[in-house]
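Reviewing the structure listed below.
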Amino acid sequence: MVQLHREIDAIRATGAELYVIGNGGPSFIAGFREQTGWPGPIYTDPSLAVYRAAGLKRSVVRTLDPRALGSTIRAFARGARQGRTQGDTWQQGGVLVVAPTGDVLWHHASERSDDNATVPQIVAALATAHA
Amino acid sequence: MLTRADDLARMTVLDADGRAVELGTLWRDRPAVLVFIRHFG
């Protein structure tokens, strides 16, 4: 994810815009900007309805859904905690690339916390918008 | 595999002030890359 953050210019150079979608309350946005230095547009989907509609993996939604907190706490107690990435305060749940026609050019749903889309993959998908 | 974003286009997300924004407006004029955060903090 950090790569995307640093390479927003590479994505904008294709004529596209990069949006971050989070899942906290609206106040999460200011904290996110402060902690990550993210300069671009950002929105949030507290209901997780968009996450689900975007076809993100069940495991991702389950991780985020407050109603699943009980099982998360139990998992922590068992020592099954996800490995944290050093110096990386956020992880991808997935990436969706959409053209003005409404066509989904590319869709990546992370299987694991280290299963992230790369900038070259995204730029390649954007190139198909003009094909 | 998701191929069309018509349903998504009508859904809304919130901005920092809590205002609802239709997702479809994000890709109306140019391609949009949406990065969904899995975990923060």
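In the text below, chain A, chain B and the rest are named by the order of the sequence lines, each starting its count at 1.
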In terms of heavy-atom pairs under 4.5 Å with chain B, which of [options] leads?
{"options": "D45(A), L105(A), V50(A)", "answer": "V50(A)"}
{"options": "I42(A), T101(A), V104(A)", "answer": "V104(A)"}
{"options": "A54(A), A30(A), S27(A), G55(A)", "answer": "A54(A)"}
{"options": "I29(A), V97(A), L96(A)", "answer": "L96(A)"}

Check your understanding: So which heavy atom on I37(B) is nearest to which on Y51(A), and how close?
Key ->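 Where I37(B) meets Y51(A) most closely, the heavy atoms are O-OH, 2.7 Å.
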Review point. So, do W106(A) and T128(A) sit near enough that their side-chain heavy atoms are less than 4.5 Å apart?
Key: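 Of all side-chain heavy-atom pairs linking T128(A) with W106(A), none is under 4.5 Å.
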Point to revise | F32(A) and F28(A) aromatic ring geometry - parallel, tilted or perpendicular at 30°/60° bounds | key: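 F28(A) and F32(A): tilted rings.
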Review point. Counting heavy-atom pairs under 4.5 Å to chain A, which of V21(B), T12(B), L23(B), D6(B) comes out on top?
Key: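 Highest number of heavy-atom pairs under 4.5 Å: V21(B).
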Exercise for review: Check salt bridge (charged side-chain N to carboxylate O under 4.0 Å, His left out) between R12(A) and all other residues, then give those that pass, not counting sequence neighbours.
Suggested key: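 Salt bridge (charged side-chain N to carboxylate O under 4.0 Å, His left out) check on R12(A) returns E17(A).
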Hey, can you pull the donor-acceptor pairs under 3.5 Å for the side chains in residues 24-34 of chain B, sequence neighbours left out?
| from | atom 1 | to | atom 2 | distance (Å) |
| --- | --- | --- | --- | --- |
| T25(B) | OG1 | E22(B) | O | 2.7 |

**Study point:** Side chain / backbone / both / neither for L8(B) at chain A, heavy atoms under 4.5 Å
**Key:**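 Looking at L8(B), just its side chain touches chain A.
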